[in-house]
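From a predicted model like this one, the values you see are computed outputs, not experimental measurements. Just so we're on the same page: letters track the sequence lines, and every chain starts at 1.
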Amino acid sequence: MKYKPQSFEAGWQERWEADGAFRCRDEIESPKYYCLEMFPYPSGRIHMGHVRVYTIGDLIARFKRMRGFQVLHPIGWDAFGLPAENAAHRHGTHPARWTYENIDFMRHQLKELGISYDWEREFATCSPEYYRWEQLFFLWMIRDGLAYRKRALLNWCDECQTVLANEQVNRDGTCFIHDQARVTQRELDQWFLGITKYADELLSGHEELRGGWPENILEMQRNWIGRSEGAEIDFPLAGGEGKITVFTTRPDTIYGATFMSMAPEHPLVMEFARKAGREAEVRSFVDRVAGQDRIVRSSDELEKEGIFTGGYCVNPVTGKNVPIFAANFVLYEYGTGAVMAVPAHDQRDFEFAKKYGLPVVVVVRPEGEELRAETMGAAYEGPGLMVDSGPFTGRGNEEGKREVTLHFEERGIGRGKVQYRLRDWGVSRQRYWGCPIPVIHCGKCGIVPVPENELPVVLPENIAYTREKGNPLAALEEWIRVSCPSCKGPARRETDTFDTFFESSWYFLRYIDPKNDREPLDPGKMKAWMPVDQYVGGVEHACMHLIYARFFHKYLRDRGLAPGNEPFKRLLSQGMVCMATLECPKHGWRYPEEVEAGGNCRQCGEKVEVGRSMKMSKSKRNVVEPSALIGKYGADTARLFSLFAAPPEKDLDWSEQGVEGGFRFLGRVYRLVAQRENSIRAAGAFRGDHGEGSRRIRQVTHRTLKKVTGDVEERYHFNTAISAIMEMVNFLYLVEDPAWDSPETAPALREAVEILLLMLSPFAPHISEELWEKIGNAGLACRQSWPQADSEAARVEEILVVVQINGKLRARITADPEADEEEIRAKVLADPRVREHIDGKKMKKLVYVPKKLVNIVVG
RNA sequence: GCGAGAGUGGCGGAAUGGCAGACGCGCCGGACUUAGGAUCCGGUGGGCAACCGUGAGGGUUCAACUCCCUCCUCUCGCACCA
């Protein structure tokens with residue numbers, strides 16, 4: 001009679017597989033439902049974050065299946081990426097082998113959790129059968145002018161002889177492997193995708209997503225795309241040819257532009273310095289700033305710094321010469337990399353001007369107030385009237401923005417411009433373990449796309465990991481040397497590979513048609529199955545992945561492959577899994593198993609300090625191994641606790657004791673049913689009430705069913721759904737023994753248990769199957785229809801009305817559910833506790849909230 | 001600095017503007033038992049009480065955890081967005 005999940009969970013997993021319970025046919029036979037969780041990077045083993053996201057997705061998938069939908073619930077592997085190469089360097093394992101071994105292990109772990117995937121659709125993005133198609137997409141993008149080449153600055157480590165990701169650069173600007181090596185900026189030709197062409201649509205698409213996506217994610221994307229309206233203005237160079245174009249959102253302040261700031265990386269900076277003989281000092285400033293970590297450079301703490309380049313340009317409206325500075329806060333990647341500085345009306349410029357003694361000229365003043373440059377303690381960034389602005393003086397500054405821009409357009413020295421913060425997507429990576437970029441470099445013809453019929457360009461896997469430095473592909477001469485598809489002369493393959501976000505930008509489409517070897521995607525199937533009805537994943541992908549995937553989908557839509565404008569109808573972004581940290585004064589972070597029950601370090605016996613709950617991470621050792629957890633409590637407990645401990649979008653605090661509670665609850669369910677097994681089997685189907693006991697049981701059953709259905713379907717409040725099920729179980733435990741065998745109540749109890757097991761099935765599927773079978777049912781529980789709540793049975797015979805006097809709770813009365821206001825009012829006023837509070841006082845008001853509350857205001 | 005969130009018992013958390021603390025953990029008590037760290041049953045915000053209690057202070061309302069304003073603290077994201 002003991003609940004031993006280890007004795008039956010694996011058996012049910014085999015049964016599901018054998019029955020093809022989660023296989024999804026291509027042909028749609030009932031309303032489709034596409035439930036997708038963000039696919040994992042095969043890092044080695046799954047962690048609690050995975051358990052959480054896949055459990056949430058599985059709950060939804062299983063629920064929708066029982067609701068009669070044809071559910072597509074696939075899984076695969078985001079299998080290209082840096083860690084595989086790092087592992088190769090560290091342990092000498094080939095990235096391919098490392099990756100496929102990890103996949104095998106993690107697949108096993110996911111199966112152990114009992115997630116209801118259609119495994120027939122599984123793929124790894126590192127297989128040529130997958131990536132060949134994105135090579136094709138890329139060729140289309142080149143043809144459509146969406147993919148183009150541009151020089152871009154990258155982190156370069158001389159020791160590694162390769163480009164580093166931002167995360168591989170230490171804070172102090174050194175390499176993560178060679179902490180003596182200074183990371184420098186190097187300009188390389190890179191492939192870019194013109195995502196900014198879709199910037200406006202990515203923004204306006206939010207209208208379609210509103211309601212289905214969390215508002216905070218949309219907000220984050222909005223800020224990421226960062227549309228701003230302003231103007232480009234040309235500043236001629238003083239005493240020479242050429243001009244510098246700036247972007248500004250404040251063309252109305254042009255008369256106050258007293259200097260110009262440029263990004264230190266801007267090529268013109270050194271040019272000015274050379275001409276002015278200031279090369280040495282400017283070079284040292286530029287090197288220092290460029291070497292700074294990006295985070296450091298963008299930090300608020302960073303003091304605004306700059307250096308005079310030696311160059312001047314001319315303010316086009318005042319005609320005055322303005323000095324050009326290189327400044328650490330100007331970003332090369334945004335706008336034109338140069339900013340007109342208006343110290344009176346921009347705080348950064350103000351601080352900069354004060355520091356370097358540059359003139360401050362007021363050109364906008366708040367209405368009805370004076371503003372004097374000499375007495376200003378900070379920039380005035382608010383609205384007002386334009387002053388000292390030539391013909392625009394006296395104009396409101398909002399109006400001025402438009403008129404100044406118009407004026408420039410007429411003179412041909414400026415133009416209105418919408419600028420995005422979003423930048424085009426650089427997809428080139430100088431790495432081995434990625435999808436080869438299918439182009440060939442020919443000395444004569446330049447860049448030549450690999451002909452479509454020669455795809456895929458297969459990533460050669462027969463490489464030895466002896467080479468320590470650089471991209472191993474670059475050393476594979478036999479692979480690199482090809483003849484030019486165009487002139488047949490000698491040429492060389494591109495050795496860069498794609499950013500791995502490329503793979504994750506369309507995998508959700510490929511799941512619909514994973515085996516197609518004639519074309520990337522069958523448009524008919526796409527039309528039938530897209531969009532993804534529910535996408536589940538972490539908030540860390542709010543901007544990059546989710547914007548790239550939306551962009552890709554829009555591009556494929558334009559190519560006629562993907563239907564609709566948006567790929568993900570609903571998004572659930574789940575919170576992090578956190579756990580308290582344990583810190584030994586001698587040994588630092590401790591794993592839970594490194595600490596004795598009494599709270600002392602196993603190694604030294606010192607008292608271990610229990611720290612606040614933080615995101616689970618190996619480095620802090622505050623982790624729980626899913627497999628260990630499943631081994632001890634079973635998959636159902638792991639799942640149940642993940643869903644019960646917090647609502648999905650909030651962070652979840654892991655607690656071993658909480659897990660125990662979940663296990664105990666499932667044990668209670670198990671014993672409740674297993675102990676009554678024979679009685680339940682013997683009971684007939686429910687055919688109508690037989691008295692008060694039966695009615696009461698059915699009332700609880702159907703009220704619970706109603707609540708659980710609503711919580712899962714409408715509110716996505718899985719934790720409260722579970723607590724409702726717990727209440728129902730508590731109730732069933734209080735049912736007296738004879739009732740289980742009495743013909744009056746047994747059928748209602750049988751119905752209660754069946755509904756209980758079906759409700760539990762998406763949360764804790766294994767125990768539900770086990771008990772479902774135990775009470776004599778043949779088919780799989782997960783294939784049953786979600787039960788229908790009988791609202792007649794759920795009806796209560798009495799309602800509780802709360803009585804407040806002056807807003808304070810003073811009494812409770814019960815009434816007939818059909819009672820009208822008159823009856824309830826009379827009943828309330830007759831209540832002795834109410835009389836006590838109102839007698840002798842003047843009744844000013846009586847508020848009646850139907851069937852719920854009466855509030856009497858007395859004076 | 002900007003942006004997004006969150007502050008409710010000892011803990012995780014409940015509560016369409018309508019009984020604050022459902023459910024679970026922990027703790028306390030009881031039953032069963034040779035035994036209990038199993039199981040079952042019950043109790044459990046503070047205060048002797050009137051009452052007081054949802055980060056602090058204001059406001060709106062018959063009624064505020066919930067709406068509005070000011071502030072504090074914490075978490076997350078960020079590319080100083082000109």
Side-chain angles (χ1 to χ4, degrees), chain A residues 1-2 166 214-220 222-224 226-228 230 246-250 253 261 294-295 297-302 304 327-336 338-342 345-349 381 419-423 539-540 542-543 575-576 578 580 597 612-615 640-641 644-647 649-662 664-665 667-668 671 707 715 717 719-727 729-730 733-734 800-812 844-850 852-858:
Chain A
M1 239 18 121
K2 215 171 153 212
N166 285 341
E215 202 49 53
N216 62 324
I217 303 268
L218 294 179
E219 185 68 23
M220 285 160 91
R222 196 153 43 237
N223 294 329
W224 188 268
R227 184 191 147 98
S228 64
V246 300
F247 172 73
T248 181
T249 53
R250 295 294 305 273
T253 63
S261 311
R294 277 157 196 263
I295 303 294
R297 244 184 101 183
S298 67
S299 129
D300 176 43
E301 265 81 276
L302 183 78
K304 319 261 173 290
N328 62 346
F329 58 85
V330 179
L331 301 178
Y332 187 42
E333 300 91 342
Y334 185 74
T336 61
V339 188
M340 69 177 208
V342 185
H345 305 294
D346 181 286
Q347 186 57 25
R348 272 188 327 251
D349 296 341
E381 297 181 336
Q419 180 70 45
Y420 297 95
R421 183 176 167 276
L422 180 73
R423 300 197 294 258
V539 66
E540 65 272 21
C543 290
M576 300 181 298
C578 302
R612 57 188 306 166
S613 184
M614 290 195 266
K615 179 178 175 157
L640 189 85
F641 180 73
F644 180 62
E649 69 283 356
K650 293 209 347 185
D651 289 349
L652 183 154
D653 264 324
W654 197 266
S655 123
E656 176 84 12
Q657 285 172 336
V659 175
E660 290 272 1
R664 210 144 54 211
F665 166 69
R668 257 168 94 72
R671 285 185 299 275
K707 160 92 176 142
R715 305 199 315 157
H717 281 203
N719 54 338
T720 53
I722 293 172
S723 72
I725 298 175
M726 285 173 166
E727 284 178 273
V729 170
N730 291 344
Y733 261 89
L734 298 179
L800 182 73
V801 176
V802 180
V803 187
Q804 297 180 334
I805 316 258
N806 286 344
K808 283 191 175 155
L809 174 71
R810 293 301 184 195
R812 294 182 176 91
K844 287 183 180 161
K845 193 170 180 178
L846 186 145
V847 181
Y848 173 66
V849 181
K852 265 194 178 157
L853 174 140
V854 171
N855 189 12
I856 301 169
V857 185
V858 294

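Distance from the side chain of A:Ser723 is smallest for B:rA22 among the nucleotides B:rC41, B:rA22, B:rA82. Side-chain proximity of A:Met576 to the nucleotides B:rC80, B:rC76, B:rG5 is greatest for B:rC76. The side chain of A:Leu734 has B:rG42 as its nearest neighbour among B:rA82, B:rA14, B:rG42. Minimum atom distance to the side chain of A:Ala646 is reached by B:rG13, of the listed B:rG13, B:rA82, B:rC41. Candidate nucleotides B:rA14, B:rC52, B:rC23 were compared by shortest atom distance to the side chain of A:Thr720, and B:rA14 ranks first. Comparing B:rG24, B:rG26, B:rC40 against the side chain of A:Arg671 picks out B:rC40 as the nearest. In the set B:rA14, B:rG18, B:rG12, the nucleotide with an atom closest to the side chain of A:Val849 is B:rG18. Considering only side-chain atoms of A:Glu727, the nucleotide from B:rA22, B:rC80, B:rU39 that sits closest is B:rA22. You'll find that the side chain of A:Thr248 is closest to B:rA82, out of B:rA82, B:rG13, B:rC78. The side chain of A:Glu219 approaches B:rG3 more closely than any other nucleotide in the set B:rG13, B:rG24, B:rG3.
Among the atoms of the strands shown, only primed sugar atoms or phosphate atoms (P, OP1, OP2) are found under 4.0 Å from some heavy atom of A:Arg668. Residue A:Arg227 is classed as having no contact, given no heavy-atom separation below 4.0 Å to the nucleic acid. Among the protein residues, A:Gly661 comes within range of the sugar-phosphate backbone only, with heavy atoms under 4.0 Å from sugar or phosphate atoms but none that close to a base. If you check every strand for non-hydrogen atoms under 4.0 Å, A:Leu800 touches a base. A:Tyr733 comes within contact range of the sugar-phosphate backbone alone, with a heavy-atom separation under 4.0 Å but no base atom that close. In this structure, A:Lys707 reaches neither bases nor backbone, as no heavy-atom distance under 4.0 Å exists between it and the strands shown. Residue-level contact check: A:Asn730 touches the backbone only, with heavy atoms under 4.0 Å from sugar-phosphate atoms and none from bases. Within the nucleic acid shown, A:Ser228 comes within 4.0 Å of sugar-phosphate atoms alone, with no base atom in reach, counting heavy atoms only.
Per the geometry, CG belonging to A:Asp651 stands 9 Å off P belonging to B:rC76, to the nearest Å. In this structure, A:Phe644 places its CZ atom 8 Å from C1' of B:rG12, rounding to the nearest Å. If you measure from atom CG of A:Asp653 to atom C1' of B:rG13, you get 10 Å, rounded to the nearest angstrom. When rounded to the nearest whole Å, the span between CD of A:Glu649 and P of B:rA14 equals 8 Å. Distance A:Asn328 CG to B:rA82 C1': 14 Å, rounded to the nearest Å.
Side-chain atoms of A:Asn806 come within 3.5 Å of backbone atoms of A:Val858 as a donor-acceptor pair (strictly under, hydrogens ignored).
The shortest distance between the side-chain N/O atoms of A:His717 and the OP1/OP2 oxygens of B:rA15 is below 4.0 Å. Taking 4.0 angstrom as the limit, A:Arg664 places a side-chain polar atom (N or O) nearer than this to OP1 or OP2 of B:rG26. For the pair A:Asn719 and B:rA14, the criterion of a side-chain N or O lying under 4.0 Å from OP1 or OP2 is met.
When the P atom is compared between B:rG36 and B:rC74, the two are found 48 Å apart, to the nearest whole Å. A distance of about 15 Å separates the C1' atoms of B:rG9 and B:rG47, rounded to the whole Å. Across the P atoms, B:rU60 and B:rA22 are found 32 Å apart, a figure rounded to whole Å. Straight-line distance between the P atoms of B:rA20 and B:rC51: roughly 13 Å, to the nearest whole Å. For the P atoms, the distance linking B:rU66 with B:rG7 amounts to 11 Å, nearest Å. B:rC48 sits 46 Å from B:rA4 when the P atoms are compared, rounded to a whole Å. Separating the P atom of B:rA14 from that of B:rA6 is a span of 12 Å, rounded to the nearest Å. Of the P atoms belonging to B:rA64 and B:rG59, the separation is 12 Å, rounded to the nearest Å.
Here the straight-line distance linking atom CE of A:Met576 with atom CG of A:Asp653 works out to 10.0 Å at 0.5 Å rounding. Atom-to-atom distance recorded for A:Asn855:CG and A:Arg810:CZ is 11.0 Å, nearest 0.5 angstrom. Atom CZ in A:Arg668 sits 5.0 Å away from atom CG in A:Asn730 (nearest 0.5 Å). The distance from atom CD1 of A:Ile217 to atom CZ of A:Arg222, rounded to the nearest 0.5 Å, is 12.0 Å. For the atom pair A:His717 NE2 and A:Ser723 OG, the distance stands at 11.5 Å (nearest 0.5 Å). Summarising the geometry, atom CD1 belonging to A:Ile856 is positioned 13.5 Å from atom NZ belonging to A:Lys845; distances are rounded to the nearest 0.5 Å.
In the model, A:Arg421 has no side-chain atom that pairs as donor or acceptor with a side-chain atom of A:Asn223 under 3.5 Å.
Take the nearest nucleotide of RNA chain B for A:Val802 and for A:Arg715: the residue whose nucleotide is more 5' is A:Arg715. If A:Arg812 and A:Arg250 are placed on RNA chain B by their nearest nucleotide, the residue sitting closer to the 5' end is A:Arg812.
Nearest heavy atom pair, residue A:Phe644 against residue A:Asn719, reads O-CB, 3.3 Å. Heavy-atom minimum distance, A:His345 versus A:Arg250: O-NH1, 4.1 Å. In terms of heavy atoms, A:Ala646 sits closest to A:Asp651 at CB-O, 3.7 Å. Residues A:Cys543 and A:Met220 share a closest heavy-atom pair of SG-O, 3.6 Å.
Syn is the classification of B:rG9, since its glycosidic angle stays within 90° of 0.
Judged by distance alone with a 3.5 Å cut-off, a donor-acceptor contact links the side chain of A:Lys852 to the base of B:rU16.
In a base pair of the Watson-Crick type (N1 to N3 plus N6-O4 or O6-N4) or a G-U wobble (N1-O2 and O6-N3), with each distance short of 3.5 Å, B:rA6 is matched with B:rU73. Across all strands shown, B:rC27 forms a Watson-Crick or G-U wobble pair, both distances under 3.5 Å, with B:rG43. Searching all strands for a Watson-Crick or G-U wobble partner of B:rC67 with both distances below 3.5 Å returns B:rG59. Look at B:rG17: it lacks any Watson-Crick or wobble partner with both distances under 3.5 angstrom. The pairing partner recorded for B:rC48 is none, the criterion being a Watson-Crick or G-U wobble arrangement whose two distances lie under 3.5 angstrom. Across all strands shown, B:rU33 remains unpaired; no Watson-Crick or G-U wobble contact has both distances below 3.5 Å.
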Could you list the protein-to-nucleotides 59-66 of chain B atom pairs, N/O on both sides, closer than 3.5 Å?
{"unit_1": "B:rC62", "atom_1": "OP1", "unit_2": "A:Lys845", "atom_2": "NZ", "d": "3.4"}
{"unit_1": "B:rC62", "atom_1": "O2'", "unit_2": "A:Asn855", "atom_2": "ND2", "d": "3.2"}
{"unit_1": "B:rC62", "atom_1": "O2", "unit_2": "A:Asn855", "atom_2": "ND2", "d": "2.6"}

